[in-house]
Every structure is written in structure tokens, then in C-alpha cells.
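Single-structure report; data block below.
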Number of protein chains: 2
Amino acid sequence: MRKLKLYQVKSNCIMMFLIFASFIQATGTSAMVQEELFWKVGFHYKSNEKPKEWYDALVPGAVQIDYAKAKGLGDSNYAENWKDYLWMEDVYWTYITSFKKPQLAEEEQFYFVSKGIDYRFEIKLNNIRIFAQEGMFKPVELDLTGKLMAENILEVLIYPVPKIPGTPASLYRSNAAQSVKPAVSYGWDWHPRLIPSGIWDETILEIRNQSHLNDVFVDYELSDDFQNAEIQLKVEGKNLENTQYEWKLTDPAGKTSRLKSGELSGLFDEKIELKKPLLWWTHDHGTPNLYTSEFILKRGNKLLDKKVSKVGFRKIQLVMHDGAWSKPDTFPKGRSNPPVTIELNGRKIFGKGSNWVNPEIFPGIITRERYAGLIDNAVNAHFNIFRVWGGGIVNKESFYELCNEKGILVWTEFPLACNNYEGSPHYLSVLKQESEAIIKRVRKHACHAIWCGGNELFNSWSGMTDQSLAIRLLNSQCFLLDPRTPFLPTSPVMGMAHGNYVFRYFDTGDEVFQKMPRSSATAYTEFGMPGTASVELLKKIIPGNELFPPKPGTSWESHHAFGAWQGDTWLMKDLLESYFGKAENLETLVGQSQWLQSEGYKCIFEEARRQKPVCSMALNWCYNEPWITAANNSLINYPNQPKPAFYEVANSCRPFLASARIQKFSWTEGEIFSAEVFILNDLYESIPQGGTVSIKLRAAGNEIIVRKWEFGKAEGNKNIEGPAVQTVIPQWNTDRFELILEVEGNEQFSSKYLLQYKRK
Amino acid sequence: MRKLKLYQVKSNCIMMFLIFASFIQATGTSAMVQEELFWKVGFHYKSNEKPKEWYDALVPGAVQIDYAKAKGLGDSNYAENWKDYLWMEDVYWTYITSFKKPQLAEEEQFYFVSKGIDYRFEIKLNNIRIFAQEGMFKPVELDLTGKLMAENILEVLIYPVPKIPGTPASLYRSNAAQSVKPAVSYGWDWHPRLIPSGIWDETILEIRNQSHLNDVFVDYELSDDFQNAEIQLKVEGKNLENTQYEWKLTDPAGKTSRLKSGELSGLFDEKIELKKPLLWWTHDHGTPNLYTSEFILKRGNKLLDKKVSKVGFRKIQLVMHDGAWSKPDTFPKGRSNPPVTIELNGRKIFGKGSNWVNPEIFPGIITRERYAGLIDNAVNAHFNIFRVWGGGIVNKESFYELCNEKGILVWTEFPLACNNYEGSPHYLSVLKQESEAIIKRVRKHACHAIWCGGNELFNSWSGMTDQSLAIRLLNSQCFLLDPRTPFLPTSPVMGMAHGNYVFRYFDTGDEVFQKMPRSSATAYTEFGMPGTASVELLKKIIPGNELFPPKPGTSWESHHAFGAWQGDTWLMKDLLESYFGKAENLETLVGQSQWLQSEGYKCIFEEARRQKPVCSMALNWCYNEPWITAANNSLINYPNQPKPAFYEVANSCRPFLASARIQKFSWTEGEIFSAEVFILNDLYESIPQGGTVSIKLRAAGNEIIVRKWEFGKAEGNKNIEGPAVQTVIPQWNTDRFELILEVEGNEQFSSKYLLQYKRK
């Protein structure tokens with residue numbers, strides 16, 4: 001395989017590029033260095049027109065970014081600038097590049113390869129249409145060999161974004177209901193309406209041997225005792241007759257574990273045994289061991305192609321929690337809840353994590369580094385799983401590679417969310433094509449834990465059911481292509497729960513403190529708690545004259561502080577004022593909002609953990625965000641700036657901690673304060689000596705010891721229910737106080753909660 | 001296609017048969033008359049042995065029947081005779097027949113065709129193994145042409161029934177958990193342990209043109225307004241190059257609706273439009289209109305093959321009931337219940353029916369007439385649906401043909417029940433093969449309404465879940481081969497309920513009268529009420545000296561009167577005595593048992609209907625039985641003798657009736673009797689004039705009019721809630737009384753309930 005090194009020649013005519021085909025023969029491989037391919041882009045109103053103007057194009061990227069840069073549009077993050085981008089949805093865009101015919105040896109072929117073009121597009125070579133596709137996830141691999149001229153012009157025509165005529169403006173997202181385009185960019189309660197278009201993933205020209213590899217999948221099945229992996233190499237390629245292979249598996253320490261070579265035709269039914277593989281674990285339960293697979297295709301001594309990939313050996317299942325089969329317990333009787341407890345290599349683990357959303361409005365510009373920063377923070381937060389929400393994209397390869405390395409499980413949803421996705425033959429054929437591409441890519445990753453049909457599809461606002469053909473198609477596709485990975489038709493399924501997303505319920509007036517202990521779910525796979533961005537970030541997105549006090553109809557509203565979801569979301573001014581009165585300045589308001597977000601989130605994460613083993617997962621809504629929101633349920637502001645709640649949640653997700661179930665947020669002098677104390681324990685090693693929890697209230701420099709609780713042996717993966725404690729709230733000169741659970745001699749297990757105090 | 005007429009030559013040697021190949025050229029078709037093929041059968045202990053003795057074999061049938069007949073074993077229905085059959089499970093059986101090589105024209109081929117051989121088998125021709133299969137549902141079609149000698153011996157070797165070594169005796173049915181063999185015959189609470197083996201469906205030798213049809217599937221999709229059917233003919237066959245076809249569709253009146261002919265190769269993508277098809281309805285909602293499809297394969301003027309089938313045009317969906325999307329209504333929130341309301345041609349219908357079980361211990365001897373009698377009775381009972389329970393077989397073609405004709409929907413389960421079916425590669429491969437055969441056969445039938453993975457798989461006693469590969473395979477297979485038919489992974493799914501199966505609950509002591517009104521389900525797809533067989537039938541199965549009083553350890557127990565399920569099922573002597581005291585003779589005991597069965601079943605059927613639209617189905621457990629049970633939940637004793645409860649249930653299933661919710665069964669003089677009165681209405685035509693219900697108590701020739709209730713316009717498919725009525729139970733000289741709801745002037749809508757009376 002050779003890759004082209006291409007240089008743009010500066011000239012007046014954008015069509016003229018000079019190509020150097022630079023072939024560096026690396027030792028033992030045919031890998032080539034490849035430099036940038038230069039693209040221009042422009043828009044037009046009809047499919048058969050050409051752009052009147054061309055702009056430099058970033059590939060991968062999005063047409064909107066290129067236009068904005070060329071025309072000096074304001075940052076889409078700032079104020080109401082996003083509105084300037086709206087018209088770009090409804091025009092055609094054409095990308096163009098050109099290249100000289102390369103010198104090809106007899107067995108060589110010349111390919112155009114793109115990992116993703118968004119969304120409906122055509123490809124033209126020298127003004128002849130050579131390819132058309134609907135769907136951004138299926139890679140394009142086009143053999144141009146027989147079609148080349150001395151000078152070649154390659155164009156990619158992008159259609160306007162898919163919409164459904166007659167969709168009411170209020171149902172913006174429903175425009176995505178007949179396409180496999182992520183719905184989020186049509187507008188969401190934390191995402192502006194900004195719908196990306198264009199080439200969004202790596203795109204190259206490439207010289208290949210006519211016998212080459214398209215895919216090497218190191219499939220395997222672990223024995224029940226995890227002492228043996230039965231590996232099956234699943235190889236796809238072109239013209240593989242009379243080829244041989246060499247395969248090498250290297251362990252995490254770089255030592256060769258397995259070698260295998262022979263005729264390729266002999267490989268297909270062969271099972272290759274690997275004894276005592278080092279297992280892949282999430283970072284909180286072990287080491288995310290990764291092996292390296294190197295697969296070489298050759299004919300005689302001639303190297304034809306090579307594929308290198310990482311392999312992690314692990315078994316992931318969804319299993320019933322302890323006691324689950326005992327329900328229902330009376331006739332007339334339904335079925336038992338479906339299993340949602342993650343079992344990793346035979347160990348039931350509590351899933352702690354968050355809902356991952358697109359980290360950029362334009363996924364084309366997401367880099368490995370953008371992913372890496374966010375994923376590193378998830379490790380810091382003791383998260384072991386991301387639910388990658390179906391409103392957004394299926395992430396790029398580097399996302400999965402990083403989760404493999406960092407030991408974080410990934411729940412991948414197909415791009416269906418909050419719509420009734422049509423079972424029309426056309427939609428189903430695109431969904432089949434796209435799901436096949438997605439499954440064949442994602443199934444290889446050690447971190448890949450769960451397939452899911454999409455978000456909240458079996459709820460009233462979506463209106464899909466188990467009978468919907470799109471869901472049955474996805475279940476079938478996953479079964480056929482990746483049967484060992486659990487499949488959920490949607491989230492929530494029976495037993496699971498989503499919501500709520502506010503500190504105090506609009507309907508009942510209950511705080512989250514009162515509501516959550518009364519709830520029971522097998523997994524809380526979404527729950528939110530709004531908080532504002534920091535003052536510093538707010539100043540980056542909201543013009544100075546709008547900053548304070550926040551008002552509807554301003555950039556605050558565009559950035560989701562007002563009217564985002566039901567009630568006064570997400571700033572929740574009414575709620576804040578009901579607790580704190582009117583804030584006098586922005587700093588105070590932000591402090592109040594972030595305080596409630598912190599304590600609200602702690603309450604839910606810890607309550608979900610208290611409900612173990614019935615409950616086995618706590619995933620808050622949401623982790624990150626694609627632009628800077630003024631207020632949102634996110635833990636991390638765009639691009640990667642944790643809110644105070646992030647650090648509090650990180651504490652709530654420590655494997656071992658003292659935790660309190662608190663009755664309410666606001667306390668008045670003289671009231672009887674009460675709380676129930678627990679040890680939350682996700683560690684598998686027991687702590688035989690137990691310990692002592694000193695339960696205190698602290699305020700304005702004063703401290704009351706309410707009680708000391710000695711807990712005994714902490715058994716692996718079992719919480720300990722402690723005492724309910726009570727004390728009279730004393731007279732203090734403050735507006736807040738802390739409940740402190742101090743684990744004596746083990747400060748790393750201690751916890752504290754910041755609550756409101758009022759004088760009588 | 002020619003079929004052979006075979007005559008057996010009486011001789012000492014069973015190997016010698018003389019064959020007449022009798023070819024009757026019917027006008028316009030190539031159909032042939034075919035007579036019996038003569039078989040013998042015998043057993044042996046090792047696969048490579050031959051039987052020491054041969055017995056005349058009935059084909060289709062079962063080896064047990066042949067052996068029993070040859071050796072004069074007692075009727076398996078009587079007393080404990082079934083025990084004499086047990087050893088037959090564990091030996092090999094070989095069927096044998098012989099035939100002369102037929103005269104074949106140049107283009108002709110000679111086939112062995114069997115619609116079903118149970119369960120694992122091999123086929124040998126002249127002592128050479130030519131075929132092997134595991135699975136009783138995939139038909140066998142073997143081209144013998146090139147393998148024939150002048151005289152031919154054909155053998156079918158049947159393996160011992162599948163079992164799992166080490167399965168505890170108490171888990172008898174679990175022996176079936178790694179096979180696609182119906183589990184019921186391993187023993188159930190109403191089925192003796194008697195596991196059939198052998199050739200169980202039509203089996204012939206046949207001459208075919210080398211160009212012939214294997215399958216013609218008249219697939220279609222109805223337009224949303226049901227005014228148009230878009231037909232697609234899906235044809236499978238051998239050597240179809242350069243053939244032509246003629247297709248004729250005849251309407252129910254015999255008039256040709258559609259003609260089509262041409263090159264077969266041109267047919268495959270063609271959509272054929274049929275305007276205003278006469279729709280197929282269930283008998284209670286319209287006419288089960290059936291068209292006749294006649295498909296002729298020819299080359300030039302030469303007729304090659306022909307397939308005739310019935311087609312009913314209808315659209316069946318499972319939809320959400322009115323109000324279903326409003327639940328769940330609070331956060332944290334799960335999904336809404338899955339849809340289980342049947343919508344037939346756009347009309348939501350209440351599913352009234354029963355659970356169908358094998359009508360014979362040996363399915364091989366089920367004839368069209370056996371099916372017909374039972375299906376006719378279902379029409380009499382106002383049933384519009386059978387759930388064909390997954391413990392038994394997928395029924396023969398004649399079952400579906402009769403349900404097509406009679407207008408009864410069929411819910412077909414795959415053969416999985418109450419076990420954790422293994423996801424082993426071997427099991428899955430057999431399940432894939434068998435499910436494909438089942439789906440391709442059943443999908444053609446108008447009555448075919450629902451696919452279901454099997455019985456109670458997601459409950460503790462089975463231990464399967466949504467993640468089980470067998471269920472995912474079946475969902476995938478149904479999606480790929482029959483996507484327009486709803487698929488349920490199992491029964492019950494979320495929202496549905498099974499049980500209870502007794503008149504008074506063992507755990508709480510509640511009667512069904514108290515329990516059912518407190519239950520809420522979207523469908524009651526199993527509920528039972530035990531009752532004994534008639535005295536006459538009991539005398540047929542229980543030796544005279546054991547008849548009275550019934551005792552455990554006798555034929556009563558073998559016939560399920562004692563220790564069948566939990567508690568004292570199914571005779572429930574304790575329960576009967578608690579109401580009635582000790583019965584003095586068999587006639588009295590039978591009367592008591594059948595009384596409770598009648599009133600118990602009425603209570604549940606009518607309560608389920610009262611819960612419409614949340615509830616949309618009431619299917620009692622069970623309809624029929626495979627042998628004469630002494631006591632059972634069945635409505636019809638073997639072979640087709642309705643119990644008294646059958647007629648009471650038939651009344652409860654009338655489309656329109658007055659109905660009472662009654663508080664309890666037994667009433668004492670002076671108590672305040674109370675009941676709530678309703679009109680239950682499944683009719684779609686409204687009854688504008690309403691009517692008057694006269695509510696009475698009648699006992700010992702006395703009658704009290706409790707109240708007259710005038711109900712207004714009865715709107716289509718809507719129940720009417722009437723008054724709660726009360727009256728003091730008077731002094732009577734009797735042990736029973738009737739609650740009568742007399743619809744004045746419309747006696748066909750009236751109802752009555754027989755309750756127990758006690759003096760103070």
C-alpha cells in the first residue's frame with residue numbers, strides 16, 4: 001500500500017495542482033507517508049450548478065467552517081452568531097481537488113478513500129459521476145485506476161441536509177426522522193440549530209496493490225474461566241487468491257504471544273488458541289491490557305498490505321442483578337426485568353459514568369487531542385463507562401482507541417433519538433448500510449460494551465415500539481455481525497429510568513433529595529442537574545450589555561438559560577430565588593446555581609449506588625457539551641472546563657466512601673436534622689478491619705460531632721448500611737453548613753455535603 | 001410433477017414392493033394421484049445395527065404407535081399404560097421401504113420428500129447414507145435420480161430422543177433445552193412423559209421435472225386505506241432459467257381477479273397491483289375472504305409444475321392501546337409498555353381465545369379432521385385467536401388452512417418453553433434451520449398474526465433474557481423473512497400477565513373474584529381454572545377400583561389430578577371440600593369441580609374485557625389436551641369433548657353482553673350481596689337505542705328483582721360501566737343461587753352466574 005504525498009501549487013487556477021508521488025519503502029512494510037490533500041469548497045442552489053466562489057476547505061471539517069473563515073463570520077459560539085449559519089443547511093456544496101495521474105506499477109490500483117462524508121453526496125471524477133451515497137458512516141473506497149486522465153479533477157457534491165417537508169418548527173428534530181443523520185444538530189435544549197455538512201473524517205488518495213486488505217477483525221471468544229481465548233481472524237480484502245499471511249500478536253509488554261502464517265485461504269475456519277491472555281479491565285477494576293495484532297498480506301516474498309490493530313481480551317455481558325428473578329412475585333405475573341448489570345470478565349461492576357455528547361458542533365474538527373482531554377477527565381472522575389447518546393454521532397476511531405487505552409467502557413447508540421424513525425424501505429436500506437459500517441468498525445474495540453438502538457425511542461415523544469422495523473433491523477444487524485455484545489433496543493428499557501433533570505420537581509415540588517430514595521430502577525441512565533458556566537466562560541459568549549441580570553430573548557436564551565426545556569430551564573432563576581432571594585450580581589448567581597448542581601448530582605449518584613444491587617448504573621445527563629452553554633446539565637463546559645459539580649461527582653464516584661442520605665437541602669435553626677449514613681463500596685477486595693466514621697456538622701468555624709459509627713468488615717462490592725443520625729440544628733451566624741462524614745485515619749474515604757442554613 | 005402410485009406386494013420379504021408408476025395427466029396441470037407408500041419399522045440399540053423385528057409402520061405417525069399396535073400394548077391413554085412406552089425414547093428406530101426404479105423421461109427427476117421427520121435422523125438409500133439432519137420442521141427433499149438401482153431400499157434411521165446428560169429427574173423438561181424438539185412431551189403438568197419419534201408429516205416419492213417449483217409465496221403489502229394490495233410473487237425452484245409462468249388469482253366467488261404471465265426471470269422485481277381486495281377478517285368482525293393463487297411453471301407449451309395456494313389480504317399489527325403513551329407519568333421514568341393490542345385492517349380488536357396445545361400425544365396422527373373439530377368449537381366459543389403455545393409443535397398445514405377458512409388468528413410460538421435454551425453454536429444452527437423452515441411455511445397464511453419466541457422464557461424458571469442469543473436469532477429471522485408480522489420475544493412481555501391457574505390463591509387465600517379486579521395487564525395471555533373430566537371420560541382412563549374416592553398414587557395422579565403443579569392441583573380436593581364438604585360420590589365431586597371452573601373462567605374472561613382498552617386480550621390456559629386428563633385447566637377434554645366451562649366461556653365471549661363483577665363465590669343468608677354491572681361490547685356497530693338490564697337473584701324457584709338499569713347508546717367497541725347494586729341475601733332452601741342480568745327484549749345479551757348459598 002502506498003500513500004500519496006500531495007503538494008498544492010499556488011496558482012490562479014484552483015484546478016491546477018502538482019503532485020509528487022513520494023514512495024518511501026519502509027522496512028518490512030509498505031506503509032507510506034501522506035501529506036495534506038488540498039481542497040476548495042463552494043455553494044450553489046441547484047445540484048447541477050457549480051459554485052460561483054471557492055473557499056479553502058479544511059478536510060476533514062465542515063462546509064460551514066470553511067465559509068465562515070473565508071467570509072470572516074463571527075465565532076458560532078458567541079452571542080447569536082449561530083443564526084448567520086442557518087441558510088447553509090439548504091444549499092448544495094461542492095468540494096473540489098485535482099491531481100495528476102500517478103505512476104502505477106502493474107499490480108497497483110489508485111483509490112479515493114474517505115472515512116466519512118456527511119450526509120447525501122455524489123463523487124465526480126473529471127465531471128463524470130462515479131459514485132453516490134446517502135449516509136455519513138459508511139466509508140467510501142473508490143478504485144479510480146481505470147478512470148484516470150493525465151490531470152484529474154475530483155469533486156464531492158453535498159446535498160442540502162435532510163428534512164421532512166411540513167415538519168412544524170417546534171418539532172425541529174423530527175426533520176431527522178427519515179435519515180441516519182444525527183438529530184442533535186437540528187437543535188436541542190443544549191445544542192444550537194447548526195447542522196454540519198461536508199467531509200467529516202479522514203480522506204485520502206492511496207495506491208494499493210490489487211490484492212489488498214479491507215479489514216482484519218481479530219475476533220475471539222474467551223473460555224468461561226477466562227484462561228483461554230479462541231481467536232478467529234476474519235479477513236476481508238480484494239483479490240486474495242494465492243496470497244499468504246503472517247500474523248503476530250504482541251502482548252502489552254511487547255513480547256510476541258502468538259505467531260501464525262500460511263496460505264490465506266487456510267485461515268478462514270481456523271481457531272487460534274491463546275492461553276492465559278492478560279485481560280482487559282476498566283481502569284477502576286484492573287489494567288486495560290491491550291495486545292497488538294499485526295497482519296501482513298503477501299504473495300511469496302512480496303509484501304502486499306498490512307493491518308495493525310489493538311486487541312483487548314475481555315468478556316462483557318449484561319446479567320441479572322442479585323434477586324432480580326424473584327420479581328414479579330405474584331400472579332397474574334409478567335416477566336422479570338431485563339438484565340442491565342454489567343459483568344466484565346465475570347465480575348459484576350457498578351457502571352459509573354455519564355452521557356457523552358458531540359464535543360463539537362462540527363464533528364469534522366474533533367481531533368484525538370479533543371477526545372483525549374475529555375477522556376482523561378472521566379478517569380479523574382472515577383467514571384468507567386460512557387453512554388454515547390444516540391442524538392449525536394458515532395465517534396471517530398480515536399475515541400474508541402483512547403477508551404481502550406484508558407479503560408473506559410463505551411455504550412454506543414445508533415443515530416436515532418426522540419423521533420419515530422420511519423420503517424420505509426428507503427430509510428431501512430440506509431440504516432442497514434450505515435449500521436453495518438458502524439458495527440464492523442466498533443466491534444473490534446475492547447472498550448465496546450453495549451449496542452443500543454437509540455435514545456428514548458419507546459417513550460411517548462418518540463412513539464417507537466419493539467415492533468418498529470428500524471429497531472428490529474438494528475437488533476438483527478448486531479446479532480449477525482457482533483452477537484457477543486449486548487443489545488438494548490433503546491434507553492430506557494423496562495426497569496431502567498431517565499430523569500429527572502432538575503433540583504426540584506415542577507409537578508410535585510419534591511426536591512431530588514426526597515424523590516430519589518423513593519425511586520427504584522435497575523439503572524439510572526440519564527439524570528440531570530443544571531448549573532451555569534463560570535463567569536469567565538459566560539463573558540466569552542454573552543455580550544457585556546446582556547450579562548446581568550440574565551434575561552430571556554438575549555444570548556442567555558440562545559445559550560439555553562431560558563426556555564430550553566420544560567419549566568424555567570436551565571438557569572432556573574425562580575428556583576434559585578426561592579432558596580436564595582434575588583442574586584445581586586453574576587458571581588453570586590453562578591455560585592448559587594453551581595452549588596445546587598453539585599449537591600443535586602451528589603445526591604443522585606450516591607443514591608443510585610445505595611440502591612445496589614438492584615441498581616447497577618448511574619450515568620448523569622450529560623458529561624460534556626458541543627459549545628459553551630450558559631446553563632446546562634453538563635459537568636464539563638466546552639471545550640473541557642470542569643464545573644464545580646464535576647469535582648463533587650468525582651468524589652461521589654470514588655470506589656469506597658462514606659455517604660449520607662439527606663432529607664432536604666435547606667435547614668432552619670432548631671429543626672431536627674437527620675441523615676442516614678452508609679459505606680458505598682464498589683471495591684472487590686474486602687477491607688477486613690472496617691473503620692470509624694465521625695459524623696459532624698460544621699458551620700462558621702463551629703463543629704458538632706453528631707455520632708461516631710464503627711463499621712465492621714467491608715465485604716467486596718457490598719455497601720454497608722449505617723445508622724440514621726439526628727441532631728438539633730444549632731444557632732449559627734451563616735447561610736450554609738457542612739455535613740461531614742470523616743473516616744478516621746482514612747481521609748480519602750471521607751465525604752462532605754454543603755447545605756443551606758437559615759436563622760429562625 | 002408426477003407423483004407415484006405405489007402398491008405393496010404381499011410377500012414374506014418386507015423388502016419387496018412392486019411399484020406402479022401411474023401417470024394421470026390432468027387437464028392443464030401435472031398433478032398426479034398418489035397412493036400409500038408402505039413402511040416397516042423396528043428398533044435397535046446401536047446406530048449401526050438393524051432391527052431384529054419389523055412392524056408395520058403408519059406414516060405419518062410415530063414409532064411408539066407402531067410398536068404398540070404390533071405388540072398389543074394397552075392404549076396409552078388408559079391408566080398407567082404410558083409407562084410401558086418410556087423405554088422407546090432411548091433406542092434407535094429404523095423405518096424401511098423399497099421401490100423399483102421408475103421410468104423417467106429425460107427431464108425428469110425422482111425425489112424423496114418428507115414434510116417432517118422427528119427428530120435427529122439419517123436417510124440411507126441402498127445402504128448408503130445420503131442425508132442426515134437434526135430437526136423435525138425442515139422438510140426433506142432429496143433428489144434420488146442418479147442414485148437409483150433397479151430395486152431400491154430406503155431407510156430412515158431415527159436417533160434416540162435428545163436429552164442432556166445429568167439433568168435431574170425433577171427437571172424433565174430441561175432435557176429439551178439444547179434441541180428444537182417440543183418440550184411438552186418430556187412431561188408437563190397435563191401431559192404424560194411420552195416423547196414421540198419418527199416420521200410425523202406427509203412423506204412421498206415424487207417425479208418432478210428438473211425445472212420445478214419449491215415455493216411460491218404471494219407476498220403483498222396493503223395500502224394504508226386497504227384499497228390496494230401491492231403483490232410480489234416470490235418464487236423458489238430449481239433450474240428456472242428459460243421458463244415462463246402463468247399466474248391467476250381468483251377471488252372468493254371464483255372470479256378471476258388478476259392474471260399475469262411472462263418470462264419467470266422478469267417476475268422477481270415486479271409489483272402487481274390488486275385494487276380493492278376483499279379483506280380477510282376474523283369471523284367475529286367480518287368474512288374471512290380467501291383468494292386462490294394458481295401459479296404455473298412452463299417452458300413453451302410444456303407444463304413443468306404448478307402451485308396452488310390460498311391468500312387472504314389483511315394487515316395485522318400490534319398497536320398501543322388508548323392512553324398507553326401517558327404511562328409512565330413521573331420521573332425517574334422508564335419506557336411505555338410494548339404494544340399488544342391487535343389491529344386487524346385498521347380495527348383494534350379484543351383478542352378472545354385460548355392457548356392451543358398439541359391435540360395428540362403423537363402429532364404424527366393429527367389429521368385435518370382432528371383440527372377441524374376443535375377449530376369449529378372455537379368459532380362456537382366466539383374465539384378469534386389461538387396462542388399456539390411454544391411447548392408443543394408448530395402445527396401442520398391443515399391447521400393454518402382451517403384457521404384461514406374459519407377466520408381465527410394464530411399466534412405461533414417457536415418450540416421453546418420454560419427452559420434456558422442454550423446459545424451454543426450447534427443449538428443456534430439447528431434453531432436457524434428450523435425457524436427458517438417454519439417462517440417460510442407459516443408466513444403465507446392469512447390467519448398468521450404473531451410470532452413469539454416461546455413460552456415464559458423471561459421468567460425465573462426459564463432464566464432467559466432479551467440478551468439470549470436464541471431469542472435474538474428468532475427476532476432476526478422473523479425480521480428478515482417476515483418483517484410485517486409482529487414479533488414478541490416471549491409471553492408474557494412487559495405489561496402482559498400469565499396466571500393464576502386456580503380458583504383461590506394459595507398464597508393470599510383470595511378468590512379469583514377478588515384478585516382479578518385488582519390486577520392490570522395489557523393482555524392476559526394465560527390464566528387457568530381447573531376442572532375435572534366428565535364421569536364418562538374418567539371411567540375411560542381410570543380403572544374401576546380406583547375411581548372413587550380419588551387418591552394420589554393411582555391413575556388419578558398420572559392423569560394430573562394430584563401433584564401436577566403447586567398446591568393440590570388439579571383436582572383441588574381441599575378447595576372443593578372447603579366450599580362443599582366431602583363429596584359423597586364421583587358425580588357430585590365432578591359437578592363441584594366443573595362449577596368452580598365455569599364461574600372462575602367467566603370471572604376472568606369478563607374482567608379482562610372490563611379492563612379494555614388497557615387490556616386487549618384474554619386467552620385462557622388451555623383450550624384442549626393431548627390425552628384425557630382427570631383434571632386440568634382445559635376447556636375441552638380429549639379428543640374434542642367440551643366441559644361445561646366451555647359453554648360458559650362461550651357466553652362470556654359473546655361480542656355484546658351484560659356482565660357482572662361479583663365480590664365472591666359463596667354467600668350466606670343475611671349478607672349484603674353486591675355486584676357491579678357492565679355492558680361488554682366488542683361490536684363495531686353502535687347500538688343507538690341502548691336497552692334495559694333487569695338485575696335479579698333467583699334461587700329455589702324464587703326471584704328478586706334487585707334493580708333495573710337502563711343503558712344508553714352503546715358506542716362501537718366501548719364497554720359501558722353500569723351501577724353497583726346491592727341487596728340482602730334472603731332465606732332460601734337451597735345450596736346455590738343465580739345472579740341474572742336479563743337484557744329485556746334481547747335475551748341473547750343476557751347473562752347469569754351460579755353462586756353458592758349457605759344458610760345462616
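Letters A, B, ... mirror the listed sequences (proteins, then strands); counts begin at 1.
Per-residue heavy-atom pair counts under 4.5 Å with chain B were compared for Y524(A), Y501(A), F458(A), W325(A), and the maximum is reached by W325(A). When the candidates T330(A), L473(A), L318(A), L457(A) are compared by the number of heavy-atom contacts under 4.5 Å with chain B, L473(A) comes out ahead. Chain B forms more heavy-atom pairs under 4.5 Å with one residue of G495(A), A521(A), G463(A) than with any other, namely G463(A).
Counting all heavy atoms, side chain and backbone alike, L469(B) lies closest to F479(A) at O-CE1, 3.6 Å. Heavy atoms only, all atoms of each residue included: F331(A) and G499(B) are closest at CD2-CA, 3.7 Å. Shortest non-hydrogen contact noted between P332(B) and Y505(A) is CD-OH, 3.7 Å.
C478(A) has its side chain within reach of R472(B): a pair of non-hydrogen atoms, C-beta onward, lies under 4.5 Å apart. Side-chain contact check for L488(A) versus Q467(B): some heavy-atom pair is nearer than 4.5 Å. Proximity of L480(B) to L480(A): side-chain heavy atoms (C-beta onward) are separated by under 4.5 Å at one or more points.
If you take CZ on F487(A) and CG on N475(B), they are separated by 8.5 Å, rounding to the nearest 0.5 Å. Between S476(B) atom OG and L474(A) atom CG the span is 11.5 Å, to the nearest 0.5 Å.
The side chain to side chain donor-acceptor pair (under 3.5 Å) test with R335(B) is passed by exactly one of T490(A), D466(A), N459(A): D466(A).
Residue M494(B) touches chain A through both its backbone and its side chain, counting heavy-atom pairs closer than 4.5 Å. Heavy atoms closer than 4.5 Å to chain A are found nowhere in K327(B), neither backbone nor side chain. Residue S519(B) touches chain A through its side chain alone, counting heavy-atom pairs closer than 4.5 Å. T522(A) does not touch chain B: none of its heavy atoms, backbone or side chain, sits under 4.5 Å away.
Counting non-hydrogen atoms of neighbouring residues, nucleotides and ligands closer than 6.0 angstrom, the CG atom of D224(A) reaches no more than 12 such neighbours.
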